[in-house]
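These notes concern the structure reproduced below.
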Amino acid sequence: MAVVIPALLRGFVGAICTQAASSRLTPSALRHLTLSSVMKSKRKTDHLERTADVVRREVVSAAKVCGAAHESPSVKRLRLLVADKDFSFKAGQWVDFFIPGVSVVGGFSICSSPRLLEQERMIELAVKYTNHPPALWIHNQCTLDSEVAMRVGGEFFFDPQPADASRNLVLIAGGVGINPLLSILRHATDLHRERANKGRGYEIGTIRLFYSAKNTSELLFKKNILDLVNEFPEKIACSLHVTKQTTQISAELKPYITEGRITEKEIRYHISRETLFYICGPPPMTDFFSKELESSHVPKEHIYFEKWW
Ligand SMILES: *[C@@H]1O[C@H](CO)[C@@H](O)[C@H](O)[C@H]1NC(C)=O
């Protein structure tokens, strides 16, 4: 079987794992991990407390770190191999991230597409440096072949079925909020490719990404995003914003970049009955755009948002 290396993996440093990470965690090992984490975490900001009411899958699967690279000065990207065939996710969902010896459980959105998991048993995460123990572990201690465990959860996803009505997507991202939206963008692109190749399957409308970050080095995945835009210019457009740029913007990036935040005016321009809005960013930004859309009479069931921290 030929192994196709998708564009998103190009330039990724680190060895390809050949050996599958060992299977499922035993229930008692998991119970221990989970209980000790819940009991020890006092801060309100902990992922398990914040998401206590959110639907999760039952499966907890072992995973092995197969690649690591810096995506920006403060964000590290990980590639993980998950051999367990019962582990699956929908574009936009996150994982509970269990680290041996670390009592706090992490929560990270998956930025790769469901197809990458189906084809290569891989997922990707991009994690910002913070003092939160799971993020510290990823930045300072995690190495190739480190083993962790993961469980999928979350109600923020895009998972249309083949016969569903065609929809346009407007994706609005702030900072690391790009992660689940990149997964959705990649999934939408995969669906579009499939339909082009097979002549059947879900028909996606247009996709428009609005993405804002502090400066061009904190605009994550810009190469991956621009590759998709250039591959399907009739389907995908992006508008990249920087709010605190202090250096000059390179000629290559300049055509895609706007200085200043995303405005309600440019979003409002894309409102239609066939459009779904997905918003992920800092809470004030997420609130602002979801309220703005509601006051412009976009039905609530067409507005999806996730607040990240
Ligand atoms: C963006 O900001 C970070 C952190 O302040 C800084 O290290 C980096 O050099 C900046 N990048 C650009 C292109 O200005």
Side-chain angles (χ1 to χ4, degrees), residues 7-14 43 45 47 65 67-79 94 97 104 106-112 124-143 171-183 185-186 208-231 236-264 266-267 279-289 306-309:
L8 71 99
L9 298 182
R10 266 190 265 129
F12 216 100
V13 297
R43 289 178 26 190
T45 54
H47 167 70
V65 176
H70 271 281
E71 182 62 32
S72 85
S74 64
V75 174
K76 195 166 164 185
R77 186 157 59 129
L78 290 188
R79 241 173 104 198
W94 40 251
F97 195 84
V104 181
F108 304 117
S109 287
I110 300 169
C111 61
S112 53
E124 277 192 26
L125 306 174
V127 177
K128 196 174 173 75
Y129 184 90
T130 64
N131 281 329
H132 200 239
L136 274 181
W137 180 86
I138 287 176
H139 278 264
N140 299 334
Q141 278 171 276
C142 166
T143 57
L171 313 175
I172 306 171
V176 282
I178 188 64
N179 276 317
L181 298 182
L182 181 65
S183 179
L185 175 65
R186 286 169 162 164
R208 182 135 207 143
L209 171 69
F210 294 91
Y211 175 23
S212 165
K214 188 176 160 193
N215 64 30
T216 47
S217 29
E218 295 297 336
L219 273 175
L220 313 176
F221 307 109
K222 43 191 177 290
K223 176 144 190 344
N224 304 114
I225 293 166
L226 294 179
D227 282 349
L228 291 176
V229 170
N230 290 324
E231 187 178 352
I236 310 173
C238 76
S239 170
L240 307 176
H241 288 247
V242 288
T243 53
K244 291 181 184 142
Q245 184 78 22
T246 51
T247 55
Q248 224 179 353
I249 299 171
S250 71
E252 190 193 15
L253 275 180
K254 194 126 197 170
Y256 301 97
I257 306 267
T258 308
E259 297 202 40
R261 59 182 200 88
I262 304 165
T263 64
E264 57 273 33
E266 53 189 321
I267 302 296
I279 312 165
C280 187
M285 176 184 175
T286 309
D287 288 339
F288 176 79
F289 284 112
E306 177 116 291
K307 293 173 190 174
W308 215 232
W309 55 89

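Just so you know, ligand 1 is whichever comes first in the structure, and atom 1 is the first atom listed for that ligand. The residues of the chain are indexed from 1 along the displayed sequence.
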Can you classify the ring geometry of His70 versus His139 as parallel (below 30°), tilted (30 to 60°) or perpendicular (above 60°)?
tilted
For atom 7 (O) of ligand 1, is the nearest protein heavy atom closer than 4.0 Å?
no
With a 3.5 Å cut-off and no angle check, do the side chains of Glu218 and Thr216 form a donor-acceptor pair?
no
Which residue supplies the protein heavy atom nearest to atom 14 (O) of ligand 1, what is that atom called, and how far is it?
Thr247 OG1, 3.1 Å
Within 4.0 Å of some non-hydrogen atom of Ser217, the atoms of ligand 1 are 1 (C), 8 (C), 10 (C), 11 (N), 12 (C), 13 (C)
So if I count the atoms of ligand 1 from 1 in the order they appear, which ones are less than 4.0 Å from some heavy atom of Thr216?
13 (C)
Taking salt bridge (Lys or Arg N to Asp or Glu O under 4.0 Å) as the criterion, tell me which of Arg77, Arg79, Lys76 meets it with Glu124.
Arg77
In Å, rounded to the nearest 0.5 Å, how long is the span from CG of Leu220 to OG of Ser74?
7.5 Å
Lys214: heavy atom below 4.0 Å from ligand 1, yes or no?
yes
re atom 10 (C) of ligand 1, the protein heavy-atom contact at minimum distance is Asn215 ND2, 2.6 Å
Thr243-His241 side chain donor-acceptor pair, cut-off 3.5 Å
no
